[in-house]
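Small disclaimer: the values here were computed from a predicted structure and weren't measured.
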Amino acid sequence: MADEQKPTRPGEYEVRRPQAKGLREALAPVAGFGVTFSSMFRPTVTEQYPRQKVPTKRRYHGRHQLNRYPDGLEKCIGCELCAWACPADAIYVEGADNADLPDGGHMSPGERYGRVYQINYLRCIFCGLCIEACPTRALTMTNEYELAGPTREGMIWEKQDLLAPLQERMLATPHPMVPGTSDTEYYRGEVSGPVAEQVEWVREHRPDDPTLPPEPTGPPPEVRRVTPTSGRSAGASARKAAR
């Protein structure tokens, strides 16, 4: 039966619901407890957190992370698109020019980098819109969900808290881009790691940098050329050398 509508005033209508009759009318007062009664006989599942932590799904929206390129340069270019896309106004970004860095160093490929990057986790709703707005895939979300803290100030994460750790063979910033490349090669994934020119620049400007690879010591190892021989001649040569 369709809902009946009765006009009360010009332009307004009053909706009248059909009345339950018979058995439905008798069970109507307790119908709301149906979900409760159906759940009373199901087994209780209690998660023993934090003693037993259940892994999250792969696409879980957790703590943010600012990623790096394989040579160590930061992917964030300080465009502030993530801050504009955030519906909770939880992200604050300040960009700066790489040209202002001394001696031709770079924090990220191209002209600009993110000098200040803050996320207020008291406001963040973990919607992921900032991830979709990022043009360089600099900002992603991890599976980390333990973000509680004792102070309000500690819930504002700075850039150093969000940056991804340096992996093997990466150089700490600032340092120049790979010679002969532009930001386009970085965006396309054509940079696979630091080159010798970048290592020498960091060694010259920051000789104590812990991300520098160890310097080769001594002459290069001698390369021996082995000519293919038959199994009998090889065994005879080995026995002769043993005598």
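Within the 3.5 Å criterion, the main-chain N or O of K75 finds no donor-acceptor partner in the side chain of R68. Formation of a donor-acceptor pair under 3.5 Å by the Q198 side chain with backbone atoms of P176 is found in this model. R123 places a side-chain N or O within donor-acceptor distance of the main-chain N or O of D89, the cut-off being under 3.5 Å. Counting only distance, with no hydrogens or angles, the side chain of T36 and the backbone of M40 share no donor-acceptor pair below 3.5 Å. Counting only distance, with no hydrogens or angles, the side chain of R203 and the backbone of P207 share no donor-acceptor pair below 3.5 Å. D71 contributes no side-chain N or O that, together with a main-chain N or O of L171, makes up a donor-acceptor pair within less than 3.5 Å. Between the T173 side chain and the L73 main chain, no donor and acceptor come within less than 3.5 Å of each other.
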- [ ] Dump the intermediate steps for side-chain contact (heavy atoms from CB on, under 4.5 Å) on L212 and V199, then the final yes or no.
- [x] CA-CA 7 Å; L212 282 171; V199 174; 4.2 Å; yes
Open item on the list: For H61 and C127: C-alpha separation, side-chain torsions, deciding distance, then whether side-chain contact (heavy atoms from CB on, under 4.5 Å) applies.
Closed with: CA-CA 7 Å; H61 286 182; C127 62; 5.9 Å; no
Open item on the list: Run L101 and M107 through side-chain contact (heavy atoms from CB on, under 4.5 Å) and show every step you take.
Closed with: CA-CA 8 Å; L101 297 174; M107 297 294 290; 3.4 Å; yes
Open item on the list: Please determine whether salt bridge (Lys or Arg N to Asp or Glu O under 4.0 Å) holds for the pair R63 and E146, giving the CA-CA distance in whole Å, both sets of side-chain angles, and the decisive distance to 0.1 Å.
Closed with: CA-CA 8 Å; R63 179 184 65 84; E146 295 178 320; over 6 Å; no
Open item on the list: Using the rule given for side-chain contact (heavy atoms from CB on, under 4.5 Å), can you reason through I91 versus C130, listing the C-alpha separation, both sets of side-chain angles and the distance that settles it, and then say yes or no?
Closed with: CA-CA 9 Å; I91 302 178; C130 53; 3.7 Å; yes
- [ ] Would you please test K159 and E74 for salt bridge (Lys or Arg N to Asp or Glu O under 4.0 Å) and show each step?
- [x] CA-CA 11 Å; K159 178 182 176 180; E74 302 169 4; 2.8 Å; yes
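Hydrophobic cluster membership differs between W201 and V178, with clusters built from Ile, Leu, Val, Met, Phe, Trp and Tyr side chains linked at under 4.5 angstrom. I119 and L122 fall within the same hydrophobic cluster, where Ile, Leu, Val, Met, Phe, Trp and Tyr residues are linked whenever their side-chain heavy atoms come under 4.5 Å apart, directly or through other members. Neither M170 nor V191 shares a network with the other; the hydrophobic side chains, linked directly or stepwise wherever heavy atoms of I, L, V, M, F, W or Y lie under 4.5 Å apart, form separate groups for each. Under a hydrophobic-cluster definition in which Ile, Leu, Val, Met, Phe, Trp and Tyr are linked whenever side-chain heavy atoms come within less than 4.5 Å, directly or via other members, Y113 and I77 are assigned to different clusters. By the rule that hydrophobic residues join a cluster once side-chain heavy atoms approach within less than 4.5 Å of another member, F126 and L66 end up as members of one cluster.
Atom CZ of F33 has 12 or fewer neighbouring heavy atoms from other residues, nucleotides or ligands inside a 6.0 Å radius. Heavy atoms of other residues, nucleotides or ligands lying less than 6.0 angstrom from CD of E190 number more than 12. With a 6.0 Å radius and a threshold of 12 heavy atoms from other residues, nucleotides or ligands, E168 has its CD atom at or below the threshold.
A 4.5 Å side-chain heavy-atom check between S182 and P109 finds every atom pair outside the cut-off. Using a 4.5 Å heavy-atom threshold, the side chains of E111 and D183 count as separate. Contact of the T140 side chain with the R137 side chain is registered, since non-hydrogen atoms from C-beta on lie closer than 4.5 Å.
To the nearest 0.5 angstrom, H64 atom NE2 is 8.5 Å from C82 atom SG. Note that CG of D97 and CZ of R115 are 11.0 Å apart. Values are rounded to the nearest 0.5 Å. Distance CG/L163 to OH/Y117: 10.5 Å, rounded to 0.5 Å. Put simply, CG on L139 and CD on E132 are 11.5 Å apart, with the number rounded to the nearest 0.5 Å.
What you find for M155 and T151 is that their closest heavy atoms are CG-O, 3.5 Å. Contact record, A172 with T211: N-OG1, 3.2 Å, taken as the closest heavy-atom pair. For the pair C134 and A138, the tightest heavy-atom approach, listed with the atom from each and the gap, is SG-N, 3.1 Å. Summarising the geometry of A88 relative to I125, their closest heavy-atom pair is CB-CG2, 4.5 Å, with the distance given to 0.1 Å. Of all the heavy atoms in N67 and Q65, the pair that sits closest is OD1-NE2, 2.8 Å. In plain terms, the two heavy atoms of H106 and G110 that are nearest each other are CE1-O, 3.3 Å.
A donor-acceptor contact closer than 3.5 angstrom is absent between the side chains of N120 and Q118. Y187 and E185 form no side-chain donor-acceptor contact under 3.5 Å, judged by distance and modelled atom types alone.
With sequence neighbours left out, R206 forms a side-chain hydrogen bond (donor to acceptor under 3.5 Å, both in side chains) with D209.
Here ring-ring contact (aromatic ring centres under 6.0 Å, His included) pairs that include residues 156-177, with residues two or more places apart or in two chains, are Y121-W157.
Between Y69 and Y186, the two ring planes are perpendicular [angle over 60°; tilted spans 30° to 60°].
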